[in-house]
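Values below: all heavy atoms of this structure, side chains included; hydrogens, waters and symmetry mates excluded. The chains referred to below are lettered A, B, ... by the order of the sequence lines, with proteins before strands, and numbering in each begins at 1.
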2 protein chains.
Amino acid sequence: MDVRTLCLGVLSLGERSGYEIRKTVEGALGHFFDAGFGSIYPALNRMAKDGDVTVTAIGQEKRPDKKVYRITQKGRLALAEALIQVPAKDRLRSEFLVVMLFSEILSAGQLGARLDENIRLHRQIAKGLEACKNDCVPWGAQRLTPGMRFVTGYGVAMHKAAADYIEENRHLLEAPAVLAGRNAAD
Amino acid sequence: MDVRTLCLGVLSLGERSGYEIRKTVEGALGHFFDAGFGSIYPALNRMAKDGDVTVTAIGQEKRPDKKVYRITQKGRLALAEALIQVPAKDRLRSEFLVVMLFSEILSAGQLGARLDENIRLHRQIAKGLEACKNDCVPWGAQRLTPGMRFVTGYGVAMHKAAADYIEENRHLLEAPAVLAGRNAAD
DNA sequence: AAACTATATATCTAGCCGATATATATGGAA
DNA sequence: TTCCATATATATCGGCTAGATATATAGTTT
């Protein structure tokens, strides 16, 4: 599954420009499958070439022209075909955890700061997703589907679990840091 | 942060071959930062060229020769420098959630199967990590550091939270599927 | 004999991330 | 006035990576 499938999925919610696709990804589903312009635009070009989407250039006032993409019937079949495949395993990449793994090289102050930042970030994301739970605007859709509710709730639950774990277990890292007298200034 | 930092970190636990680094990643820390041969070997070559690691070729009986890598003092400095940077945000990629987002295209049977598989997988991983909690073998180390305990515990907590959420909320997706009469055979 | 598993190294290619560039427009700070 | 920031837009580049593939040595199973 690649960004093409993601774009086809977003376009199945309604036509939009590459920029708008990015906005939808960013606002509604980037917490479990992110994609930037560097991959969205090439994907859109490939799909346009393959006939999975059509593209219409539109001039705008006070704003640059935009290209609006619409999914084709061929694209809908491609989307469905991709979605019935066995999904690959979830993959997480956490630099924070790599740093925690080797946290003995941090001073107690640096360690505390990293832990605080990460907790704050998780709680912030959880809060943002919680606010989106009953809001179809980030999806650029007219209504929320069960799928949208499910994945948003998933994000809330997971980010809360992460923040909770870090809060409850930070002592595992901080106590040894203090005992070892790692007080060097940041 | 890239795979070089990860390899330096693993090598800071003790010298090992590229294959052994992969085994350590796979067995102990791949749940939060994975890396395959396609990125480990090029990274090792770059670091050997840069002087961050030394490499010693060793012949073996009944097995192919191997190259053992050892972190240098320069490599230790590079590792420390990388670890005190502000880590990038965690990034998750979940094809499962993409499928759930657009799950209306699945039959009730397919949906149930995907949910079951994912729950089983999360629980399996949580169980595997739980078994590793007090085991330094997967790390190829002599003892467990606070960091190792922390990250392993994190994995357990997160995979459990994921499985729990899916179990408790699957009805959000399955009830509409049944109501809509999506009973097509898989 | 072929397939599978384990231990090993190595590489290829399609895809992606993050940065960068450009364009149109507005507003605020130096 | 210039720079910076923000928003709306499209586009691309280069370094990195995932997954597949290849090769080698050896043993076990079908």
Can you check whether A/Phe150 and B/Tyr165 have ring centres sitting under 6.0 Å from each other?
-> yes

For A/Phe37 and D/dA7, what is the distance between atoms CZ and C1' respectively, to the nearest whole Å?
-> 11 Å

Is the closest side-chain donor-acceptor distance between B/Arg149 and A/Asn169 under 3.5 Å?
-> no

Got a sec: does the NZ of B/Lys127 have more than 12 other heavy atoms crowding it under 6.0 Å?
-> no

Atom-pair distance (OH on A/Tyr41; P on C/dC17), nearest Å = 15 Å

Which residue, B/Pro42 or B/Pro64, contacts DNA chain D at a nucleotide closer to its 5' end, judged by nearest heavy atom?
-> B/Pro42

Across the strands shown, which category fits A/Gly36 at heavy-atom distances under 4.0 angstrom: base, sugar-phosphate, nothing?
-> sugar-phosphate

Quickly work out the B/Tyr69 OH to C/dA8 C1' distance and round it to whole Å.
-> 11 Å

According to a 4.5 Å side-chain heavy-atom criterion applied to Ile, Leu, Val, Met, Phe, Trp and Tyr, with indirect links allowed, do B/Val10 and B/Val55 form part of one hydrophobic cluster?
-> yes

Taking only N and O in the side chain of A/Tyr19, is any of them less than 4.0 Å away from OP1 or OP2 of D/dT10?
-> no

What is the nucleic acid contact for A/Arg16, judged by heavy atoms within less than 4.0 Å: base, sugar-phosphate only, or nothing?
-> nothing

OP1 or OP2 of C/dA25 under 4.0 Å from side-chain N/O of A/Arg63 | no

Using only side-chain N and O atoms of B/Lys67, determine if any of them is under 4.0 Å from OP1 or OP2 of C/dA10.
-> yes

5'-most contact on DNA chain C (nearest-nucleotide basis), A/Lys62 vs B/Glu20, goes to B/Glu20

In terms of side-chain heavy atoms of A/Asp2, which of C/dT9, C/dC16, D/dT17 is nearest?
-> C/dC16

OP1, OP2 of C/dG15 versus side-chain N and O of A/Arg4: anything below 4.0 Å?
-> yes

Hphob cluster co-occupancy, A/Ile40 + A/Leu6, side-chain heavy atoms under 4.5 angstrom | yes

In whole Å, what is the span from the CD1 atom of A/Ile21 to the P atom of D/dT8?
-> 15 Å

Taking only N and O in the side chain of B/Lys66, is any of them less than 4.0 Å away from OP1 or OP2 of C/dT9?
-> no

Looking for any heavy atom pair under 4.0 Å, which part of the strands does B/Arg91 touch: base, sugar-phosphate only, or nothing?
-> sugar-phosphate

Over how many whole Å does the gap from A/Ile40 atom CD1 to C/dG15 atom C1' extend?
-> 14 Å

Is the shortest side-chain N/O distance from A/Ser39 to OP1 or OP2 of C/dC17 below 4.0 Å?
-> yes

Report the distance from atom CG of B/Asp65 to atom P of D/dT23, rounded to the nearest whole Å.
-> 18 Å

Any residue meeting side chain to side chain donor-acceptor pair (under 3.5 Å) with A/Ser17, in chain and number order, not counting sequence neighbours = A/Glu20

Let me know the distance between CG of B/Leu44 and P of D/dC16, rounded to the nearest Å.
-> 14 Å

Report yes if at least one side-chain N or O of A/Gln60 is closer than 4.0 Å to OP1 or OP2 of D/dA9; otherwise report no.
-> yes

Mind checking A/Arg93 for me? I need base, sugar-phosphate or nothing, with any heavy atom below 4.0 Å counting as a touch.
-> sugar-phosphate

Taking CG from B/Asn45 and P from D/dT17, how many angstroms apart are they, rounded to a whole number?
-> 13 Å

